[in-house]
Amino acid sequence: MSTELEQSYDPKKVETKWYKTWEESGCFDGEVKNDRDSFTIMIPPPNVTGMLHMGHVLDNTLQDIFIRRARVESKSALWFPGTDHASIATQVKVEQSLRKQGTSRRELGREKFLEKAWEWSDEHGGIIFNQLRNLGASCDWRRSRFTMDPEYQRSVISSFVELYKRGFIYRGKRLVNWCPASQTALSNEEVIMKPQKGKLYKMRYEIVEEPGRFVEISTTRPETIMGDTGIAVHPEDERYADLVGKHCWRPFPRAEIVIVADRAVEKDFGTGVLKVTPAHDQVDFDIGKRHDLEVIDVMNPDGTLNDTAGEEFAGMERFKARKLAVLKLEELGLLVEIEDYDNNVGFSERADVPIEPRLSEQWYLKYPKVEEAKRAVENGTIKFHPKRWEKVYLHWLNNIQDWCISRQLWWGQRIPVWYKKGADRSDPENWHVSVDGPGDPENWEQDEDVLDTWASSNLWPFATFGWPSDDPKVKAELDYFYPTSMLVTGFDIIFFWVARMIMSGLELMGEEKETLTDEEIEKRVPFKDVFIHGLIRDSKGRKMSKSLGNSPDPLDLIKKYGADGLRFGIINIAPNGSDILFAEERIEIGRNFCTKLWNACRFRQMAGGVSGEQSLEAIVDRLAGSQLEGYGNWILFRLLQTIEDIEGQFARFEMHQLTHTLHNFFWGDFCDWYVEAAKAMLQLKDDPRHDAALAVSDLSIRQSLLLLHPIMPHITEELWSSMGYSENGGFLQDSGLIKASELRSLFESKGVKIDEGGAQRIEQVKELITQARATKAEYKVASKRDVTLFVTPTDAASSTVIEDNLDTIKRLAGAATIELREKVENLPGSVSALGTVYLDLSSAVDVEAEKARLSKELERLGKAIQAGTGKLKNPKFVDKAPPTVVEGARKQLAETQAKHDEIARLLKSL
RNA sequence: GGGGGAUUAGCUCAGUUGGUUAGAGCGCUUGCUUGACAUGCAAGAGGUCGGCGGUUCGAAUCCGCCAUUCCCCA
């Protein structure tokens with residue numbers, strides 16, 4: 001059944017209709033089908049309150065392409081959706097809103113605050129799912145998971161307990177990255193180093209043992225002077241060798257502090273003397289440890305100075321305190337100079353304030369299965385695309401440090417550790433660690449902290465299925481869908497997420513084992529292929545941000561260009577793994593291509609005869625046994641090539657090539673050449689070529705729709721149904737995409753011969769037509785469709801080819817008559833492999849212009865001949881290069897030479 | 001300081017193991033209501049592939065150095 005297409009394509013109508021139909025039919029549902037291969041992708045869960053931005057468009061379009069491709073390849077595809085609670089990001093937002101309401105989380109208390117947070121996530125959550133639906137994302141929405149779902153929380157807690165039991169989780173007191181705004185510890189990955197223009201303050205401390213002698217010290221942080229418990233010099237620094245072991249005066253609060261020698265000091269930095277503040281700097285902390293220096297914490301959790309810092313400083317904000325400290329140094333006559341200094345300062349990723357190294361007790365994870373995680377990538381069990389990201393991943397693993405997983409936040413999975421009331425929390429004797437808590441809760445109090453968001457999302461590939469569970473359904477699904485097929489994400493979360501998922505999968509998806517074999521690694525990894533794409537930037541290469549206003553709303557773009565147009569456009573401009581410079585006009589190509597597809601199908605309908613059965617076999621049957629004319633053979637040959645190209649591109653993850661290949665075939669080959677040539681055949685009455693042209697068109701369009709469907713699902717579904725390709729009302733995805741090799745066999749079995757030689761002859765015909773058009777354009781008669789052309793064929797074979805295709809040449813070149821002649825003189829002509837084509841001009845030829853044009857061409861060919869001759873004369877080339885290359889060079893030279901001679905003759909004849 | 005990219009037409013990018021006269025889209029110029037499509041059709045201009053050296057019969061492609069530039073990590 002076919003339906004007549006409307007005159008113009010209305011994306012909104014078509015997209016809304018089909019998305020609803022698909023979702024209601026359950027065709028996105030991922031099911032265990034043991035007779036089919038599974039293909040699974042876990043969505044990188046967006047923040048629960050997130051809104052769709054261009055990065056999501058790219059990431060999810062790519063995933064949808066892989067998923068839909070898997071469906072047309074008859075795999076059982078599952079695209080698992082969900083959202084992330086984004087502990088710190090969400091909590092920051094909720095706290096902001098509380099502040100507006102004149103309250104705070106501390107005022108509300110934990111329970112009330114969590115109620116508010118849930119309200120917030122219910123209210124703002126899930127919007128992005130509908131936005132993804134607008135984009136056409138074919139997720140199995142029934143399964144949607146949220147990392148704060150009770151079942152998911154239970155998975156997270158179970159993993160903590162399990163990893164604790166296995167000895168990977170411990171409590172430690174050390175310097176952490178402290179965010180004074182959010183008042184929580186952060187992991188190293190959440191700290192962003194930013195270059196800052198600061199000051200370097202040079203000051204002098206008096207030596208206790210030698211009054212009147214001073215030592216000069218450089219620092220960027222004078223506000224921590226009160227926490228100094230020593231100063232350090234390099235042991236090989238002769239300038240200060242005699243001072244080691246002596247003391248100097250800390251100016252405020254005035255106290256004697258010791259001078260130590262330590263290799264961590266950079267001799268060449270500043271004066272070569274370092275003030276040591278063990279409580280507020282990692283290097284200083286380490287030095288202090290080595291020399292047994294006192295640790296004096298002078299700051300409050302919110303970044304203000306505390307009472308220890310002294311009366312003047314207590315309660316003062318840290319940057320104000322810096323100014324005051326400088327002032328005091330000056331008053332004491334201890335400030336030597338201030339210079340400008342550029343250094344890198346760590347900022348909290350979420351709160352965007354400088355972090356403060358702070359001594360505190362936190363939970364740490366010693367990463368499990370680090371060696372296996374490396375091996376999985378090194379031995380190819382997991383492949384990154386593009387491959388260069390493997391180096392980045394391995395480099396990080398080689399320098400890995402324990403992960404601080406506790407956060408002083410409330411929104412998240414609470415750490416399943418209980419402390420005996422009134423007992424020392426540092427002593428593991430007083431801990432209870434379990435999923436369900438102690439049996440006598442009245443005697444215990446639970447750890448107040450929650451887990452880092454990424455400590456829950458790193459379980460995403462299996463916790464979503466219900467792990468850990470003895471439920472047979474959970475086991476069967478994990479068995480079928482895990483390891484998932486691939487992960488599609490940006491490079492910015494390789495450390496945060498990708499690497500951690502790999503390690504948690506290796507540790508937890510199986511029995512506890514010290515080390516894993518390659519076979520075990522293969523079963524436990526969370527995915528096989530990691531497709532890494534770039535970030536979307538604006539046309540000037542800047543990051544997209546709300547404040548710059550350079551971030552278009554994808555929903556507006558969908559309104560303007562259609563979801564399919566946007567999808568095609570964004571994939572089309574996405575280079576191979578590097579960042580994408582987005583400019584709205586660059587996605588017009590997507591919308592235009594939709595229009596082209598639509599109109600090509602409309603034209604096909606207007607040619608009539610689309611009421612019959614349109615299955616692949618039925619169409620091929622219409623061609624069975626007949627000798628295809630040149631163009632039919634050519635376009636089907638190109639179709640086979642295109643199918644093959646696309647197969648290779650998917651296999652190699654060359655997503656940046658897909659749109660180019662398909663656009664080139666459908667627009668450049670099918671519409672611009674085949675359809676135009678077919679118009680000539682469609683005029684023929686009672687001629688087998690007429691029906692063959694229709695069948696070839698049907699075949700080309702049908703297979704193109706199948707190939708394009710993953711990129712442009714809505715319009716292809718609409719055309720699939722309207723053109724009558726749908727069998728029994730089924731969706732395009734269920735029709736089964738035939739492989740190039742299978743299609744070739746089908747052709748053979750039906751006696752449809754597709755030959756390469758014939759396709760090459762049509763390429764020559766196309767060249768001849770192009771030359772004729774060019775000559776017409778040169779003589780300003782491009783728009784005349786009734787010119788007379790003369791052709792002098794190169795040889796008898798060429799003559800036959802031209803005669804066989806005379807009708808289409810006439811039509812495509814715009815000629816009323818074409819005569820084959822032995823010899824033509826005094827007319828402008830152009831040389832092609834098949835022969836020279838001349839334009840019959842009633843008016844006089846512009847001899848000078850023609851001479852100039854031909855001379856230019858002659859010069860170009862002359863150079864090519866020189867290069868070719870030189871190469872072939874070189875015995876080293878002839879001896880060493882492969883015979884096919886030499887043969888090709890000979891053939892090329894002969895053809896060039898023939899053209900050259902012909903043009904020289906033309907030039908002479910003028 | 002360590003590591004990873006990038007450098008090809010005015011712009012954004014392709015260019016698979018080295019092998020014809022280096023391609024595409026956009027932009028630009030010219031001409032077109034050609035049996036669906038002006039979101040279209042046709043023709044055209046435009047590149048010593050960042051520089052220097054090396055390997056090779058042959059280099060945009062492999063190697064080295066340099067320059068410019070972006071990113072990650074410390």
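These numbers were taken from a predicted model, which means no experiment stands behind them. We use all heavy atoms of the structure for the numbers below, so side chains are in, but hydrogens, waters and symmetry mates are not.
Nucleotides G27(B) and G53(B), compared at atom C1', are 38 Å apart to the nearest Å.
Across all strands shown, C57(B) is found opposite G19(B) as a Watson-Crick or G-U wobble partner, with both distances under 3.5 Å.
You'll find the ring centres of Y9(A) and W598(A) inside the 6.0 Å limit. Between Y674(A) and Y631(A), the ring centre distance reaches or exceeds 6.0 Å.
Residue contacts for V878(A): at a heavy-atom cut-off of 4.0 Å it reaches no nucleic acid atom on any strand shown.
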At under 4.0 Å between heavy atoms, which parts of nucleotides 67-74 of chain B does protein reach? Answer with one letter per nucleotide, 5' to 3': B base, S sugar-phosphate only, - none. -----S-B
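For H656(A), a side-chain nitrogen or oxygen approaches OP1 or OP2 of G15(B) to under 4.0 Å. Dashed line: the shortest gap from a side-chain N or O of N592(A) to OP1 or OP2 of G40(B) is under 4.0 Å.
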What pairs of donor and acceptor atoms, side-chain ones from residues 489-497 of chain A against any protein atom, are under 3.5 angstrom apart with sequence neighbours left out?
| residue | atom | partner | partner atom | Å |
| --- | --- | --- | --- | --- |
| W497(A) | NE1 | S457(A) | O | 2.9 |

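Counting only heavy atoms from C-beta on, S783(A) has its side chain closest to G31(B) among G15(B), G35(B), G31(B).
Judged by closest nucleotide on RNA chain B, R388(A) is the one of I769(A) and R388(A) placed further toward the 5' end.
Shown here are the salt bridge (charged side-chain N to carboxylate O under 4.0 Å, His left out) partners of R811(A), two or more places apart in sequence or in another chain: there are none.
Judged by distance alone, the side chains of N177(A) and N188(A) do bring a donor and an acceptor atom under 3.5 Å apart.
Taking the ring axis of W720(A) as reference, the NZ or CZ atom of R604(A) does not stay both within 45° of it and closer than 6.0 Å to the ring centre.
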